[in-house]
Engineer: 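Dropping a structure here in structure tokens format, bear with me for questions.
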Amino acid sequence: MARKFSSKPSSSIQISKPIFAYVLLFLDAILVSLIIAYVPYTKIDWDAYMSQVSGFVERERDYGNLKGDTGPLVYPAGFLYVYSAIQYVTGGEVYPAQILFGILYILNLGIILFIYIKANVIPWWALSLLCLSKRVHSIFILRLFNDCFAMTLLHAAVALILCRRWHLGLIIFSGAVSIKMNVLLYAPPLLLLMLKGMSISGVISALASAAFVQVLLGLPFLLSYPVAYISKAFNLGRVFIHFWSVNFKFVPEEVFVSKEFACCLLIVHLLLLVVFAHYRWCKHEGGLIQFLHSRVAAMKLRNAITSSFSLNQNSNLRFLTQEHIVTTLFVGNFIGIVCARSLHYQFYSC
């Protein structure tokens, strides 16, 4: 009997995403080695970082006195601990630091690949696009910016949240904030996801854990010069030089530095977050207001209507898919980037 052959065309090539991710990591590790060996390092903030860290190592606890050639220290205490460790390991030399940051780059890429594979939002071949950014390679290996550690921790926190490890994810997130505060752009969508995926008491305990990390890291400065530390490390009103702006270089400098312009951007930022939360992120819950109302009602009546609360919680979890978590966090961050007055290129890249 003659065999029957299907007339349908053969399906497209399918490759296991984890295997392809390992191949990408191996190839990118080779590329990182070549960059370190053959591409000249560009010195921008390294000397300033080392000067600021040296003051900390010499037991200076007044944030106003921790300075470098680019100005006073403006990052929270986690930055000092990380770069003090780097200075200790590398002796303040650039070449061994590049090797360290090369390893960090591969680790960060591995976490990002895990996030995209877990979310299952792109085909296998699109994972290669995550390795093609010249600027990300430059930021990690040729600039040694603190964004690298901050965003690696942030991506680790996202990965933990995808695995429903909320408390540990919040602790790691707080560690990322302690290195550079641009990570806070993820905070509004993260809070919304926490309200969806956790009980109110769980949200409060997770936020308390994150706050405890900030207090613990900043304790040497809070005990010595608390006002200087808080005003320098968490200065939300700081204005960058107009020349280095990315988003609003077309705006006249006198407008750029004005408080009115900053307030307008803040209002636009908040409005966009509310619009996306209402029409996109809480669409399945009936909108943002309905969702918040249900959570408040559940908190007030949790002892009286335990079974009803359980159904509501399960309903929220049904819509809290891994794709939804990743999309909400990354879109929320992008909204913040669009509305940021003072923005460097690494904000786009990391």
Side-chain angles (χ1 to χ4, degrees), residues 24-25 28-37 39-53 56 68 70 73-116 130-160 169 172-186 217 233 244 246 329-330 333 336-337 340 342-350:
L24 290 175
L25 287 172
D28 215 337
I30 296 175
L31 177 60
V32 167
S33 301
L34 294 173
I35 293 174
I36 294 174
V39 180
Y41 166 75
T42 306
K43 186 174 291 187
I44 298 180
D45 286 338
W46 178 256
D47 288 343
Y49 290 171
M50 292 299 101
S51 297
Q52 292 160 353
V53 162
F56 170 65
T70 59
L73 177 60
V74 294
Y75 307 121
F79 162 85
L80 289 173
Y81 296 117
V82 169
Y83 276 84
S84 294
I86 294 173
Q87 186 187 61
Y88 177 80
V89 172
T90 65
E93 298 295 324
V94 168
Y95 180 71
Q98 284 185 284
I99 296 174
L100 179 63
F101 274 77
I103 296 172
L104 180 68
Y105 169 84
I106 296 299
L107 175 62
N108 180 63
L109 178 60
I111 297 171
I112 294 173
L113 289 169
F114 172 83
I115 291 171
Y116 276 86
L130 299 171
C131 309
L132 299 181
S133 172
K134 177 182 177 182
R135 188 167 295 280
V136 173
H137 284 91
S138 174
I139 287 170
F140 272 81
I141 306 160
L142 302 178
R143 302 293 189 272
L144 313 181
F145 287 144
N146 60 333
D147 302 79
C148 305
F149 279 93
M151 297 310 298
T152 299
L153 288 178
L154 181 277
H155 293 142
V158 173
L160 287 167
I172 300 300
F173 177 84
S174 184
V177 172
S178 76
I179 297 174
K180 193 165 186 178
M181 281 206 306
N182 65 286
V183 175
L184 283 175
L185 294 178
Y186 285 88
L217 293 175
W244 295 112
V246 176
L329 288 172
F330 287 175
N333 178 59
I337 288 175
S342 302
L343 186 73
H344 296 313
Y345 282 111
Q346 56 264 38
F347 282 62
Y348 285 116
S349 303
C350 296

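Every heavy atom of this structure was used, including side-chain atoms; hydrogens, water molecules and symmetry mates were not.
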Engineer: Which value, rounded to the nearest 0.5 Å, describes the distance between Cys131 atom SG and Leu31 atom CG?
Structural biologist: 9.0 Å
Engineer: Calculate, to the nearest 0.5 Å, the distance between atoms CG and CG belonging to Leu80 and Leu217 respectively.
Structural biologist: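 Going from the CG atom of Leu80 to the CG atom of Leu217 covers 10.5 Å.
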Engineer: Counting C-beta onward and ignoring hydrogens, is there a side-chain heavy-atom pair between Leu329 and Asn333 closer than 4.5 Å?
Structural biologist: no
Engineer: Rounded to the nearest 0.5 Å, how far apart are CD1 of Ile36 and CG of Leu142?
Structural biologist: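 Rounded to the nearest 0.5 Å, the CD1-CG separation comes out at 8.5 Å.
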Engineer: Report the distance from atom OH of Tyr75 to atom CE of Met181, rounding to the nearest 0.5 Å.
Structural biologist: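 Between atom OH of Tyr75 and atom CE of Met181 there are 10.5 Å.
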Engineer: Enter the distance from Leu100:CG to Ile141:CD1 here, rounded to the nearest 0.5 Å.
Structural biologist: 11.5 Å
Engineer: Check whether any side-chain N or O of Trp46 sits under 3.5 Å from a backbone N or O of Phe145 as a donor-acceptor pair, and report yes or no.
Structural biologist: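 Side chain of Trp46 to backbone of Phe145, a donor-acceptor pair under 3.5 Å: no, none is there.
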Engineer: Could you walk me through whether Tyr116 and Leu130 pass side chain to side chain contact (heavy atoms under 4.5 Å, CB included), step by step?
Structural biologist: CA-CA 10 Å; Tyr116 276 86; Leu130 299 171; 3.8 Å; yes
Engineer: Any donor-acceptor pair under 3.5 Å linking the side chain of Thr152 with the backbone of Phe149?
Structural biologist: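 No: the side chain of Thr152 does not pair with the backbone of Phe149.
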Engineer: Quick one: do Ile115 and His155 satisfy side chain to side chain contact (heavy atoms under 4.5 Å, CB included)? Show the steps, please.
Structural biologist: CA-CA 8 Å; Ile115 291 171; His155 293 142; 4.2 Å; yes
Engineer: Looking only at non-hydrogen atoms, find the nearest pair between Lys180 and Ala150 and report the distance.
Structural biologist: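 Nearest pair, atom of Lys180 first, then Ala150: CB-CB, 4.1 Å.
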Engineer: For the residue pair Met50 and Gln87, what are the closest heavy atoms and their distance?
Structural biologist: O-NE2, 3.6 Å
Engineer: For Tyr81, give me all partners under ring-ring contact (aromatic ring centres under 6.0 Å, His included), at least two apart in sequence or on another chain.
Structural biologist: Phe56
Engineer: Under the criterion side chain to side chain contact (heavy atoms under 4.5 Å, CB included), I'd like the reasoning laid out for Cys148 against Asn108: C-alpha separation, chi angles, the key distance, then a yes or no.
Structural biologist: CA-CA 8 Å; Cys148 305; Asn108 180 63; over 6 Å; no
Engineer: State the OG-CD1 distance between Ser33 and Ile99, to the nearest 0.5 angstrom.
Structural biologist: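 It is 9.0 Å, given to the nearest 0.5 Å.
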Engineer: For side chain to side chain contact (heavy atoms under 4.5 Å, CB included), just list the numbers for Ile179 and Val82, CA-CA rounded to whole Å, side-chain angles, deciding distance to a tenth of an Å, and then say yes or no.
Structural biologist: CA-CA 8 Å; Ile179 297 174; Val82 169; 3.8 Å; yes
Engineer: I'd like to check Asn182 versus Asp147 (side-chain heavy atoms, cut-off strictly below 4.5 Å). Are they in contact?
Structural biologist: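 The answer is yes, as the side chains (C-beta and beyond) meet within the 4.5 Å cut-off.
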Engineer: Hey, are the side chains of Tyr186 and Leu154 touching, using non-hydrogen atoms and a 4.5 Å cut-off?
Structural biologist: yes
Engineer: Quick one: does any side-chain atom of Ser138 pair with a main-chain N or O of Lys134 as donor and acceptor, under 3.5 Å?
Structural biologist: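 Not at all, since once roles are kept as given, no pair shorter than 3.5 Å links the two residues.
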Engineer: What heavy-atom pair brings Pro76 and Val177 nearest, and what distance separates the two atoms?
Structural biologist: CG-O, 3.6 Å
Engineer: Show the nearest heavy-atom pair for residues Ile172 and Ala157, with the distance to one decimal.
Structural biologist: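 Heavy atoms only, the tightest pair is CG2-N, 4.0 Å.
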Engineer: Would you list the pairs meeting side-chain hydrogen bond (donor to acceptor under 3.5 Å, both in side chains) in which at least one residue belongs to residues 89-106, sequence neighbours left out?
Structural biologist: Asp28-Tyr105, Tyr105-His137
Engineer: Listed by chain and number, what are the ring-ring contact (aromatic ring centres under 6.0 Å, His included) partners of Tyr49, not counting sequence neighbours?
Structural biologist: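 With sequence neighbours excluded, Tyr49 shows a ring-ring contact (aromatic ring centres under 6.0 Å, His included) to Phe79, Tyr83, given in chain and number order.
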